[in-house]
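Step one of this worksheet: look at the structure below.
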Amino acid sequence: MSNIPMTVAGAESLQAELKRLKSEDRPRIIQAIADAREHGDLKENAEYHAAREQQSFCEGRIQEIESKLSNSQVIDVTKIPNNGKVIFGATVTVFNTSSEDEVTYRIVGDDEADIKKNLISVNSPLSRGLIGKEVDDSTIVNTPGGEVEYEIVKVEYL
């Protein structure tokens, strides 16, 4: 399995979720299963089946997070000297030449991506078009709405 790029914040977020699942959710679900068992017949016990389903989801998520963390390559962009190139973890301000909008994005791992927070996946078309470019470079990105030209205004390693 290949390394999964991840920012420091993304790794910390997954570790916090893993800790919560193991220390809070798992014991709560185990208690819910024990309580449901006390109600008798398990075949027709909806509480028992719901708790078992929650347990299955919880254990699956724990395994998924542990796998991602074990295969992750945590990249701390603040420790890399800023040479002006767009790289994974960089915060990039771009100018859309057609709509004349200026937007700032941060390039992050797939699990961290959230367009509402301007966090875009390293595998998104925009990121792929920006990576390797420098300030004042232009790039054309194929979007669902057609080709869009972006000009890089600023590159920061925050």
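Note: hydrogens, waters and symmetry copies are ignored here, and every other heavy atom, side chains too, is used.
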Exam field: side chain [X] to backbone [Y], donor-acceptor pair closer than 3.5 Å:
X	Y	answer
Gln73	Met6	no
Arg106	Val92	no
Thr93	Val103	no
Ser72	Val74	no
Asp137	Glu134	yes
Asn118	Thr104	yes
Thr139	Leu130	no
Thr97	Glu149	yes

Any heavy-atom pair between the side chains of [Y] and [X] that's under 4.5 Å?
X	Y	result
Arg61	Leu21	yes
Leu69	Glu66	no
Val94	Val153	no
Asp136	Ile152	no
Glu100	Asn96	no
Val77	Leu158	no
Gln54	Ile33	no
Tyr150	Ile140	no

Side-chain heavy atoms nearer than 4.5 Å, only ILVMFWY residues, links allowed to pass through others: does that put [X] and [Y] together?
X	Y	result
Val141	Phe88	yes
Ile65	Ile62	yes
Phe95	Leu126	no
Val108	Val8	no
Leu119	Val86	no

Do [X] and [Y] pair up side chain to side chain, a donor and an acceptor below 3.5 Å, judged on atom types alone?
X	Y	result
Asp76	Tyr157	no
Asn123	Asp110	yes
Asp35	Gln31	yes
Ser67	Ser70	no

Do [Y] and [X] meet the salt-bridge criterion of a basic N to acidic O distance under 4.0 Å?
X	Y	answer
Glu24	Lys19	no
Lys133	Glu151	no
Arg26	Glu59	yes

Can you see which heavy atom on [X] is nearest to which on [Y], and at what distance?
X	Y	value
Ile29	Ala51	CG2-O, 3.5 Å
Asp111	Leu14	OD2-CD1, 4.4 Å
Pro5	Val122	CG-CG1, 4.3 Å
Cys58	Asp25	SG-CB, 4.2 Å
Glu156	Asn82	CA-ND2, 3.9 Å
Val148	Ser98	CG1-OG, 4.4 Å

Query raised in the report: Looking at residues at least two apart in the chain, or sitting in another chain, which of them share a side-chain contact (heavy atoms from CB on, under 4.5 Å) with Ala36?
Result: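 Testing Ala36 for side-chain contact (heavy atoms from CB on, under 4.5 Å), a comparison that skips the adjacent residues, returns Asn45, Glu47, Tyr48.
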Requested in this report: Applying side chain to side chain contact (heavy atoms under 4.5 Å, CB included), run through Thr91 and Ile107 and close with a yes or a no.
Outcome: CA-CA 7 Å; Thr91 302; Ile107 300 172; over 6 Å; no
Requested in this report: Using a cut-off of 6.0 Å, state whether more than 12 heavy atoms not belonging to Glu53 lie near its atom CD.
Outcome: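 Counting other residues, nucleotides and ligands, CD of Glu53 stays at 12 neighbours or fewer.
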Requested in this report: Please round to the nearest 0.5 Å and tell me the distance separating atom OG of Ser121 and atom CZ of Arg128.
Outcome: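 Answer for the OG-CZ pair, Ser121 versus Arg128, is 8.5 Å.
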